[in-house]
Amino acid sequence: MHDLNPQQKEALTYIDSPLLVFAGAGSGKTKVIAHKFCYLHKAKKFSSDSILTVTFTNKAADEMKVRIHQCLEKDLNGAWIGTFHSQCNRILRREIKALGYNNNFSIYDEDDQCNLVRHILKEFKIYEALYKGIVSRISYLKSSLIGPEEFLATGDGFGFDEKLAKVYVRYQDELIRSNALDFDDLIVLTVKLFQSNPKLLEKYQDKFTYLLVDEFQDTNYAQYYLLKLLAAARERICVVGDDDQSIYKFRGANVNNILNFERDFPEAKLIKLEQNYRSTQHILNVSGSVISHNLKRKQKRLWTDKGQGDKVHFCWLNTHNDEAKYIAKVIKEYYLKGIYNYRDFAVFYRVNIQARVIEDALRDEGLPYRIHGGISFYQRKEIKDLVAYMRLSINYGDNVSFRRIINNPPRGIGAAVLTRIENEAKKKSLALFDALKSILRGDSLANTVKEKLADFIKMIERFSSVKYKSAADMLKNILDKSGYAESLAEERIKNVEELLLSAEGKETKDFLDKASLLTNMDDACATDCISLMTLHNAKGLEFHVVFIVGLEEGILPYCKAMNHEEEIAEERRLFYVGMTRAKDVLWLTGASRRKLYAKIQHQEPSRFLKDIPKECCQWMEKITNGHTIKLPSVKKSIKPHEVFCLYTAGCRVKHPSWGIGVVRDCYGDGEDQKVMVNFSNFGIKRLAIRFANLEKI
DNA sequence: AAAACTCCTCTTTTT
DNA sequence: GAGGAGTTTT
């Protein structure tokens, strides 16, 4: 408690009515939530499994668990700390039978959704390339709690999209037949469950004596509705967020949830956290002045006691190549001064395509870098294929998985046979897997084909009947018997090995949930690297020196988000999020000419630059050939190189009795240096390095 | 089933 | 300009 400021303290102890905390960038939001959990538990005697703590990302959930564990020093096994989706999954696995689903349901991610929608479009003879838009519109409807029936009911209105309605109805039907839930269903069906079973709702209202919600500005309608249902009885709810950092509107997030909270909970108390512990005053002035041009927002004034710091640097270059080279040179200059490690630098861009030139430039200068984001681990083809084998073995109804693996690896079951199976399934309303069995009983197929099909069925049935020691066991069995491993290239086998490692010692069903809900395995990079990422990926992070590139009309704001004032506002927030990641130094760059999709375009400076107060900004000269860049003198508020620690977050270690674990945090120095390690079977432990007998692996 | 060819798209992406 | 997906050819 002692190291909290007065507003943070109030946010922590206030429980008399619903609480809305506006937590500005860098204002210690996670800290407040974690401490509030501990306060509720210790001082107010709320049991640790009665506080529903909701985050948006798995990473944030993990971080929250670590923090809470740090201050409670007790097992959090039964605690409800997790993402919206994982919490709903946990509830639904227990209760979904009340909705007529089986609790071994599969969870479909976006890729599965796309596969299914494309399949439906093909069948309906609708132009298949529309699938992406349809998937996102269906998702939007679901997250607004508009089911297929409700959508159909709106059907007589002008401009009603009949095709969409038809596909939506069919899509939801297919999910039900496959005993599968997509991500949105996890939320929607939990809402449905509670709406149709007041007793169950009451049970969970009783169970959760307090609700703690992180990143509230990112909730969609369905998620907020769910919170309101759960909070209705007691109104013991605390939501924390920042409307200025809402950057996921395109995913259904609704800023109005945070802006209207006080209307929905008239008793709500409002607290603003405005002290920023991250950035210098110049950075706050610049970012604050940019964001203040958004109209629909809560007024707030971030301040810091870190001092003025460096002015924000700005440089306009001729081409995107010059921009990249310039940044590489600047980073090198800073690095050579010995103040920063590589990991203290980050380059943010609006679209992934911009990373290419920057990569090249960094490589030319011999600077180590790492790109964050991109295709996540569990989205990889080979991983999804193996997961599909597991899913079908556990849930025979899973048609999407069936289609994925029936002829993968190729086993001579072609399109013609598949069509027969589809027809049979439709005729007798069976799952594809059962339809296949039904066909085999007849004698309409050649014996050679029948044999192959029978082999496939036998294989899946064997996969599902074996009692496995762990998910890794099951995967090994699948790899062994399916012939899948042989068809893989070297690089992909490495990923499979990694999957096996992460499946070690896990219950198969738990592992499948994880594989479905954990979409990116963010391996905290143990090596010292410059970070490259999109502005979206930058949210929640901080770096000493930040570069935001491509400050041009058409890039930031992006050309496809310039049609409505709302879109511009979101682009501005995106810029704001990027700027507020910087602790000491912020660089903004742009270029007059840029090659995009093989076309050279002439670029104008971003409109957002006009909103920057001149006195906070230092305009840099363009790079002149051969001359090194004169950097402004770095202020001494900057700390020297961090204390060297052998164990950095993300590296794997082995403990004599607890086995293998992943380092979460390393703190203290010299003899007292301690690490926090998450062991796969024993959870999180804190260890003093000099006693623990750890081995780095 | 693999190889060759054509066509299409190209924003961000917590789960 | 490149990568992915679907189609046609061998």
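Worth saying up front: this structure is predicted, and the values here are computed from it rather than measured. Numbered from 1 within each chain, the chains take letters A, B, ... in sequence-line order.
Side chain of Glu570(A) to main chain of Lys249(A): a donor-acceptor pair is present (N/O by atom type, distance under 3.5 Å, no hydrogens or angles).
Annotation: of the two residues near DNA chain B, Leu186(A) and Ile247(A), the 5′-most nearest-nucleotide partner is Ile247(A). Between Asn352(A) and Tyr127(A), it is Tyr127(A) whose nearest contact on DNA chain B lies nearer the 5' terminus.
Pairing for dT12(B) is absent, judged as Watson-Crick or G-U wobble with the two contacts each under 3.5 Å.
Lacking a ring centre under 5.5 Å from that of the base six-membered ring together with a plane angle below 30°, Tyr248(A) does not count as stacked on dT13(B).
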Next on the checklist: side-chain contact (heavy atoms from CB on, under 4.5 Å), that's the test. Do Leu141(A) and Leu164(A) meet it? Break it down for me.
Outcome noted: CA-CA 11 Å; Leu141(A) 287 170; Leu164(A) 176 64; 4.3 Å; yes
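Atom P of dT13(B) sits at a distance of 22 Å from the matching atom of dA2(C), rounded to the whole Å.
The residue Arg118(A) sits close only to the backbone: its heavy atoms come under 4.0 Å of sugar-phosphate atoms, none of a base. Asp111(A) comes within 4.0 angstrom of no nucleic acid atom, judged by non-hydrogen atoms across all strands. No contact: Glu570(A) has no heavy atom under 4.0 Å from any strand.
You'll find that the side chain of Arg350(A) is closest to dT11(B), out of dT14(B), dT11(B), dA1(B). Closest approach to the His536(A) side chain among dT14(B), dT13(B), dA1(B) is made by dT13(B) (side chain taken as heavy atoms from C-beta onward). For Val351(A), the side-chain atoms get nearest to dT12(B) when compared with the rest of dT9(B), dT12(B), dT14(B).
Summarising the geometry, atom OH belonging to Tyr204(A) is positioned 6.0 Å from atom CZ belonging to Phe194(A); distances are rounded to the nearest 0.5 Å. In this structure, CG in Asp111(A) is found 13.5 Å from CZ in Arg380(A), a value given to the nearest 0.5 Å.
Contact annotation: Thr534(A) reaches the phosphate of dT13(B) (side-chain N/O to OP1 or OP2, under 4.0 Å).
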